[in-house]
Q: 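Sharing a structure below in structure tokens format, with a few things to ask.
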2 protein chains.
Amino acid sequence: MDVKTVCLGILNFGDASGYEIKKALEEGPFAHIHAASYGSIYPALNALSAQGYAECRQMTQDKRPDKKIYSITDAGRRALQESLLVTPAPDSFRSDFLFILFFAELLPPDRLAELIDQRIAWYRENLERMEQCNLESPGHSFVHGMGQAIYRAAAEYLERNRDQVLENPTVDDSGKETTTALAG
Amino acid sequence: MDVKTVCLGILNFGDASGYEIKKALEEGPFAHIHAASYGSIYPALNALSAQGYAECRQMTQDKRPDKKIYSITDAGRRALQESLLVTPAPDSFRSDFLFILFFAELLPPDRLAELIDQRIAWYRENLERMEQCNLESPGHSFVHGMGQAIYRAAAEYLERNRDQVLENPTVDDSGKETTTALAG
DNA sequence: GGTTGCATGTAAATGGTTACATGATTGT
DNA sequence: ACAATCATGTAACCATTTACATGCAACC
């Protein structure tokens, strides 16, 4: 699912500019599903226009820079519908946080505590923002609810196990022999 | 957190070959934290050796291709510890599944059901595999437990809400005017 | 006077993945 | 006979990010 398809999907919800698409992807309804930078959004919108999947009208604004509002076309709607039918690629997930946590024993305990507390705060903030959010479609509600369920579980886990991992004394690994223990 | 650092981290757990590192990343203890392909792992291991962060010894095996077993060096351990102290980049997450679900109304109901059921099965399989898994360090247990908590929440959510989203009649969007509704 | 928000865009660099090349062994 | 597992590596390709370029308005 490339940025072009993502933009098309957002346009299917309503007309938008590149700037607004970015916002939808980071704070709006599509937050945490697929991030993208301006460097990929603007070229994607140009490509969509060139293919006839989107139309663009210029908007001169008062006391604001000009805007380019994109609308999805019938061809675009058809293309979107088609791309929704392909087998979805497996989720791609990368977490520096979890990677670092894996080596909890190698971290200064106060740093570990800071890391976990920041993460709890992040989940809580997002949960709050998500709760006061108007849902426009069944699909939106479903995905939104799933996100909340996951964040709630993550936050609760961190809160419950925070002290346990902090109490564990930091292992002094000098002279510790390394054994291959990667299976399972 | 690039593939080089990830390899270094895995080597800190124990000696391994490139092939074994890949396995650790997809089925082993590091599964679902950071994926990588051979095309990035092998060059990373070469770079690690060139920098003196890892050492390599050739292993001629019986009835198997030769192996190159890498070990982390003291310099490598120091480099790893340093990279664990930097502020972690925000998690990067991309889900075709959630993106598609967002447009549940545009999908054939049977396709929607198939998608959700496959996903539930995926979570359940992984949960089972994770339960019968030996944990080697406090960090490992912590991350592992968090992964389980999240997968359990996701699976339960899908099971609870599966029928609700399927019962919702598919909206016929012909002639529906599009309004900008991306905020919040 | 500095930062944030609005607004669009490009070029270079990055950091990967995919496909290819090779080949023995074991299981179906 | 065919697929899968083990095992390493390269080169071409790809999508996307980062940094740069520009500029006005509002707020503190």
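Just so we're on the same page: letters track the sequence lines, and every chain starts at 1. Values below: all heavy atoms of this structure, side chains included; hydrogens, waters and symmetry mates excluded.
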Q: Thinking salt bridges, do B:Glu159 and B:Arg162 make one under a 4.0 Å N-O criterion?
A: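 Judged by the 4.0 Å cut-off on N to carboxylate O distance, B:Glu159 and B:Arg162 do not form a salt bridge.
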Q: What integer distance in Å separates B:Asp2:CG from C:dT17:P?
A: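 After rounding, the reported distance stands at 12 Å.
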Q: Test the B:Arg152-B:Tyr123 pair against the cation-pi criterion, namely NZ or CZ under 6.0 angstrom from the six-membered ring centroid and within 45° of the ring axis.
A: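 The answer is no, since B:Arg152 fails at least one limit relative to B:Tyr123.
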Q: Judged by atom type as modelled, is there a donor-acceptor pair below 3.5 Å linking the side chain of A:Asp96 to the main-chain atoms of B:Ala89?
A: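 Between the backbone of B:Ala89 and the side chain of A:Asp96 there is a qualifying donor-acceptor contact (under 3.5 Å).
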Q: Can you check whether A:Ile116 reaches A:Asn161 side chain to side chain, under 4.5 Å on heavy atoms?
A: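 No. Closest side-chain heavy atoms not under 4.5 Å.
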Q: Rounded to the Å, how far apart are A:Glu26 CD and C:dA7 C1'?
A: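 Those two atoms, CD and C1', are 14 Å apart.
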Q: Answer yes or no for B:Lys68 and B:Tyr70: cation-pi contact, defined as NZ/CZ to six-membered ring centre under 6.0 Å and angle to ring axis within 45°.
A: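 Pair B:Lys68/B:Tyr70 does not count as cation-pi.
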Q: Check the interface with nucleotides 6-13 of chain D: list each N/O to N/O pair with the protein under 3.5 Å, or write none.
A:
| from | atom 1 | to | atom 2 | distance (Å) |
| --- | --- | --- | --- | --- |
| D:dC6 | OP2 | B:Tyr19 | OH | 2.7 |
| D:dC6 | O5' | B:Tyr19 | OH | 3.4 |
| D:dA7 | OP1 | B:Gln61 | OE1 | 3.2 |
| D:dA7 | OP1 | B:Gln61 | NE2 | 2.8 |
| D:dA7 | O3' | B:Asp66 | O | 3.4 |
| D:dT8 | OP1 | B:Lys68 | N | 2.9 |
| D:dT8 | OP2 | B:Tyr19 | N | 3.0 |
| D:dT8 | OP2 | B:Tyr42 | OH | 2.9 |
| D:dT8 | O5' | B:Tyr42 | OH | 3.4 |
| D:dG9 | OP1 | B:Lys68 | NZ | 2.1 |

